[in-house]
Novice: 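Structure incoming, see below.
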Amino acid sequence: MKQTKRQRVEIHWHDILSDSSWIDSDKAEAVRPVDVISTGYIINDTDEHIVLAHSMIEKPGQKSSDYTVIPWGCVQTIWRLKRNGVYAE
């Protein structure tokens with residue numbers, strides 16, 4: 001599912017949940033992955049995953065920060081975001 005680089009998006013995806021505290025086994029059996037909503041700019045898209053930058057510097061040489069790598073198997077939906085009624089690229 002190739003996406004356009006630097007496209008501003010909202011991604012709904014399933015994430016791993018981890019907790020190292022001691023809890024009853026019954027409670028541990030009920031734990032499920034969490035649903036996450038992340039927004040940012042696509043900076044890479046491969047057959048295995050998508051890379052989303054949450055902060056970018058708009059200058060020559062483009063730098064990005066605060067990024068998330070999401071495996072495609074975890075992605076539920078991707079929404080392109082608009083700015084002033086126009087899709088943000």
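Sequence positions, counted from 1, serve as the residue numbers for this chain. As the structure is a computational prediction, the values presented were derived from the model and not from experiment.
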Novice: Could you tell me whether the side chain of I11 reaches within less than 4.5 Å of the side chain of T77, counting heavy atoms only?
Specialist: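 Contact flag for T77/I11 side chains = no.
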Novice: Determine whether T68 and V51 satisfy the following criterion, side-chain contact (heavy atoms from CB on, under 4.5 Å), listing intermediate values before the conclusion.
Specialist: CA-CA 6 Å; T68 303; V51 181; over 6 Å; no
Novice: Looking at every non-hydrogen atom in both residues, tell me the closest pair between P33 and D15 and how far apart they are.
Specialist: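 Between these two residues, the closest heavy atoms are CB-O, 3.3 Å.
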Novice: Could you tell me whether the side chain of W72 and the main chain of T46 form a donor-acceptor pair under 3.5 Å?
Specialist: yes
Novice: Is there a path of hydrophobic side-chain contacts, each under 4.5 Å between heavy atoms of I, L, V, M, F, W or Y residues, that connects Y67 with I16?
Specialist: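 No, it is not one cluster - the side chains of Y67 and I16 are not joined through contacts under 4.5 Å.
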Novice: So do the side chains of N44 and I50 get within less than 4.5 Å of each other, counting heavy atoms only?
Specialist: no
Novice: Under 3.5 Å, is there a donor-acceptor pair linking the side chains of H14 and D35?
Specialist: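 Yes, a side-chain donor-acceptor pair sits under 3.5 Å.
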Novice: Within a strict 4.5 Å, meaning less than it, do heavy atoms of the I43 and L52 side chains meet?
Specialist: no
Novice: Taking all atoms of both residues into account, what is the closest heavy-atom pair of W13 and S38, and its distance?
Specialist: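 Taking W13 first and S38 second, the nearest heavy atoms are NE1-OG, 3.1 Å.
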Novice: Are the side chains of R80 and Q7 in contact, using a 4.5 Å heavy-atom criterion?
Specialist: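 With C-beta onward as the side chain, the pair touches.
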Novice: Linking I/L/V/M/F/W/Y whenever any side-chain heavy atoms sit under 4.5 Å apart, do V36 and V75 land together?
Specialist: yes
Novice: If only atom types and distance count, is the side chain of H54 paired as donor or acceptor with the main-chain N or O of T39 below 3.5 Å?
Specialist: yes
Novice: Once side chain to side chain donor-acceptor pair (under 3.5 Å) is applied, what residue pairs with a partner in residues 22-34 remain, sequence neighbours excluded?
Specialist: none
Novice: Just how far is it from atom CD of E10 to atom CH2 of W79, taken to the nearest 0.5 Å?
Specialist: 8.5 Å
Novice: Count the heavy atoms of every other residue, nucleotide or ligand shown that sit under 6.0 Å from CD1 of I23, and state whether that count exceeds 12.
Specialist: yes
